[in-house]
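First comes the structure, then the notes that go with it.
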Amino acid sequence: MLKIYNSLTREKQDFVPIIPGSARMYVCGMTVYDYCHLGHARVLVVFDMVQRWLRASGLQVTYVRNITDIDDKIIKRAVESKQSIAELTARFIAFMDEDAAALGVEPPDHEPRATAYVPQMLDLIGQLEKNGLAYQAADGDVNFSVRKFAGYGKLSGKSIDDLRAGERVEVDTAKEDPLDFVLWKHARDNEPFWPSPWGNGRPGWHIECSAMSSDLLGKHFDIHGGGQDLQFPHHENEIAQSEGAHLCRFVNYWMHNGFVRVADEKMSKSLGNFFTIREILKNYDAEVVRFFILRAHYRSPLNYSDSHLDDARQALTRLYTALKSVGAADAGASPVDWDEPHAQRFRQAMDDDFNTPEACAVLFDLAAELNRRKSPAVAGQLRGLAGLLGLLTRDPQIFLQAAPSNETADSVADIEARIAERVAAKKNKDYAAADRIRADLLAAGVVLEDSSAGTTWRRS
RNA sequence: GGCGCGAUAGCAAAGCGGUUAUGCACCGGAUUGCAAAUCCGUUCAGCCCGGUUCGACUCCGGGUCGCGCCUCCA
């Protein structure tokens, strides 16, 4: 039975879907005003893995990952770069799609954009006003009355009286309470706006997720995910809005993935210590990055550095090498034999709050067995289980010989010509010449492997 | 100040109250013309102090250190 760590209760719980046999999941995606960085990659990959495992478990999954395409930063960036908001967001959505595809992230079932849900947001705000939880302030903003919502803080474990609103940021004096947050911002000069019963304006930060999730998944659904930094205030506010408007429970299981860190500090936009996905993909194969993310547990911090990525690449090379050794070139999906012990261990690991590090360990044990027995059945298990994580989906040869995109690596034809030369030298027992060629290629990042079947090569 | 998380071998990272995690790196052996890959084997752990227990890396208490949230952030 699948167990999920629920941020709301701070414990692992059996996953019991609201509708038996199905799972509805909403994940907070990107705000599209810049390239995605590794932190975003982690969210994409982690919840892709979750979604895959839910499906592999036989559940009918509806996976929604939203796009926030209107907010302060987008407006600011559009002005700075002298382009329209639509142009800006379209560009970065396209970049995000490319990055996600490279990382082996399957497209979600729905990818709603905030700007397409303004009417639903206004409905929600109207409902909140009707329920006495929202009010329009003197400046025209519509705010949520945090103190009127019982249970505010239950997700983040905060008590209203302990929150120090305004300690680090100037308090909006139009609010009745400093902790209140904006549902609808009144229109300002040179900013996009929509008409509403409260005057022209645009949505506050949190309302879009409440609107999109209930529209696509219903008022009450199974799983809501996102980065740990969204737990407060974003998700806390989503709960307040959704439950305050619908007067029923919002989400059963809250999942939060840990941060990516650089030198033991959170990777973030504000600290400026982030690496974009496309920057990293210049030096590393996308599958290496995916593996790097998945070999750590999703709730643990993940330290980023080149040497960690190098390490991940070596490890993934071992897996692909094992596959190559049995000539398992066929990259087609392999059905998993779930009665087999490795598969059982794998399932047990994944069912335990998506323990991908343990699941990866199973993969390595399978690789060792494959190297020993050269059995196609073992290769099938390895390929099949890894495939559930979105790994080992390619022909080993392609992975092992792939050149990093930013390097002017020797062409395959050149390498093979040199190998032919060396084979000839070896035939003449001219080992000095053969070794020289091998050393030259090694210096160029190409490792040769001789076997009774001939010489093969891979990039180091 | 409030709340939360973590501390495992050289590095990364899991499970587990007693029995090999796993990967990278390292060392010895097999294999190889020599390598590489692979196999076999060895070495290397559990922040500190108490407690519970026949037995604790694993449970409990107290420290220390690190990180995060309380502001936009995935």
Side-chain angles (χ1 to χ4, degrees), chain A residues 7 10 27-31 34 36-47 71-73 76 153 156-159 161-171 179 205 225-234 236 256-261 264-271 274 291-292 295-297 299-303 305 307-319 321-322 324-325 345 348-349 352 355-365 367-368 370-372 374 400 426 429-432 434-435 438-439 442 446-452 455-458 460:
Chain A
S7 306
R10 281 165 215 96
V27 170
C28 289
M30 287 345 114
T31 300
D34 207 344
C36 295
H37 60 63
L38 235 207
H40 299 115
R42 193 174 193 189
V43 180
L44 291 168
V45 168
V46 160
F47 287 101
D71 94 317
D72 292 1
K73 288 186 175 173
K76 186 167 168 247
S156 52
K158 301 191 184 308
S159 95
D161 296 320
D162 289 338
L163 288 168
R164 299 180 160 198
E167 172 150 309
R168 290 153 79 186
V169 158
E170 215 170 304
V171 172
L179 295 170
W205 173 31
Q228 213 159 53
D229 43 3
L230 296 183
Q231 191 168 355
F232 189 91
H234 184 55
E236 195 69 60
H256 293 97
N257 65 273
F259 297 130
V260 175
R261 310 201 300 196
D264 286 322
E265 259 189 338
K266 177 185 172 184
M267 178 183 289
S268 77
K269 287 286 180 73
S270 35
L271 286 172
F274 60 90
F291 176 75
F292 168 69
R295 88 212 277 233
H297 186 83
R299 285 191 281 117
S300 302
L302 178 63
N303 260 308
S305 77
S307 65
H308 292 160
L309 241 27
D310 289 337
D311 185 280
R313 192 174 57 87
Q314 285 304 113
L316 195 55
T317 296
R318 175 171 166 83
L319 258 23
T321 301
K324 181 187 141 194
S325 73
R345 256 178 74 205
Q348 211 176 335
D352 182 15
N355 190 342
T356 54
E358 177 65 21
C360 286
V362 174
L363 262 28
F364 285 98
D365 287 346
L370 179 56
N371 285 328
R372 262 178 254 125
K374 307 284 184 230
L400 294 169
K426 275 178 62 177
K429 306 256 187 244
D430 185 357
Y431 291 120
D435 289 352
R438 187 170 61 195
L442 186 63
V446 173
V447 179
L448 298 192
E449 294 171 351
D450 294 335
S451 78
S452 52
T455 299
T456 58
W457 65 276
R458 64 185 167 87
S460 63

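Chain naming here is simple, since letters A, B, ... match the order of the sequence lines and numbering starts at 1 in each. Small disclaimer: the values here were computed from a predicted structure and weren't measured.
Nucleic acid contact for A:Ala368: sugar-phosphate only, since backbone atoms but no base atoms lie under 4.0 Å from a heavy atom of the residue. A:His297 comes within 4.0 angstrom of the backbone, heavy atoms only, and of no base. Among the protein residues, A:Asp435 comes within range of the nucleic acid bases, having at least one heavy atom under 4.0 Å from a base atom.
Within the shown strands, B:C40 is the pairing partner of B:G28 under the Watson-Crick or G-U definition, both distances less than 3.5 Å. Base pairing analysis places B:C16 opposite nothing; no Watson-Crick or G-U wobble pair with both distances below 3.5 Å involves it. Base-pair partner of B:C59: B:G51 (Watson-Crick or G-U wobble, both distances under 3.5 Å). Of the nucleotides present, B:C70 is the one that pairs with B:G1 by Watson-Crick or G-U wobble criteria, both distances under 3.5 Å. B:G6 is paired with B:C65 under the criterion used here, namely a Watson-Crick or G-U wobble arrangement in which both key atom distances are under 3.5 Å.
Taking the six-membered ring for Trp and thresholds of 30 and 60 degrees, A:Phe274 and A:His37 have ring planes inclined between 30 and 60 degrees apart.
Within the structure, every side-chain polar atom (N or O) of A:Ser156 is placed at least 4.0 Å from both OP1 and OP2 of B:G2. Under 4.0 angstrom from either OP1 or OP2 of B:A14 there lies no side-chain N or O belonging to A:Asn355. In this structure, A:Arg318 reaches the B:C39 phosphate: one of its side-chain N or O atoms is under 4.0 Å from OP1 or OP2. In terms of phosphate contacts, A:Arg261 brings no side-chain nitrogen or oxygen within less than 4.0 Å of OP1 or OP2 of B:C67. For the OP1/OP2 pair of B:U38 and a distance below 4.0 Å, the side-chain nitrogens and oxygens of A:Lys324 include no atom meeting the criterion.
Counting to the nearest Å, the C1' atom of B:G66 and the CG atom of A:Asn303 are 11 Å from each other. In this structure, A:Leu370 places its CG atom 17 Å from P of B:U22, rounding to the nearest Å. Atoms CG (A:Asn371) and C1' (B:U22) sit 15 Å apart, rounded to a whole Å. For A:Trp457 and B:A36, the CH2 to P distance is 19 Å, given to the nearest whole Å.
The base of B:C34 sits within donor-acceptor range of the side chain of A:Asp450, with an N or O pair under 3.5 Å. Between the side chain of A:Arg438 and the base of B:C34, at least one donor-acceptor pair of N or O atoms lies under 3.5 Å. One cannot find a donor-acceptor pair under 3.5 Å joining the base of B:C3 and the side-chain atoms of A:Lys158. Counting atom types as modelled, A:Asp311 pairs a side-chain N or O with a base atom of B:G23 as donor and acceptor under 3.5 Å.
Taking a 6.0 Å sphere around NZ of A:Lys76, one finds it holds 12 or fewer heavy atoms contributed by other residues, nucleotides or ligands.
Side-chain proximity of A:Lys266 to B:G2, B:C39, B:G68: nearest is B:G68. Residue A:Phe232 has its side chain nearest to B:C69 when only B:A37, B:C69, B:A74 are considered. When distances run from any side-chain atom of A:His40 to the nucleotides B:C39, B:A74, B:U22, the shortest one goes to B:A74. Here the nucleotide nearest the side chain of A:Pro233, chosen from B:C72, B:C24, B:A13, is B:C72. Nearest to the side chain of A:Arg458, among B:A37, B:A74, B:A14, sits B:A37. Side-chain proximity of A:Pro357 to B:A74, B:U22, B:A14: nearest is B:A14. Comparing B:C69, B:A13, B:G15 against the side chain of A:Glu358 picks out B:G15 as the nearest. Nearest to the side chain of A:Gln314, among B:A14, B:A74, B:A25, sits B:A25. Nearest to the side-chain atoms of A:Phe364 among the listed nucleotides B:G23, B:A14, B:G33 stands B:G23.
Applying the 5.5 angstrom centroid cut-off and the 30 degree plane-angle cut-off, the aromatic ring of A:Tyr431 is stacked upon the base of B:G33.
Taking the C1' atom of each, B:C40 and B:U31 are spaced 11 Å apart, rounded to whole Å. Annotation: B:C16 and B:C57 have their P atoms spaced 16 Å apart (nearest Å).
Atom CG of A:Leu302 is separated from atom CZ of A:Arg295 by 9.0 Å, given to the nearest 0.5 angstrom. The line from OG of A:Ser300 to CG of A:Asn257 is 11.0 Å long, rounded to the nearest 0.5 Å.
For the side-chain contact (heavy atoms from CB on, under 4.5 Å) test, residues two or more places apart in sequence or in another chain that qualify with A:Asp365 are A:His342, A:Arg345.
Checking A:Lys426 against A:Thr455 by side-chain atom types alone, no donor-acceptor pair falls below 3.5 Å.
Between A:Ala434 and A:Asp310, it is A:Asp310 whose nearest contact on RNA chain B lies nearer the 5' terminus.
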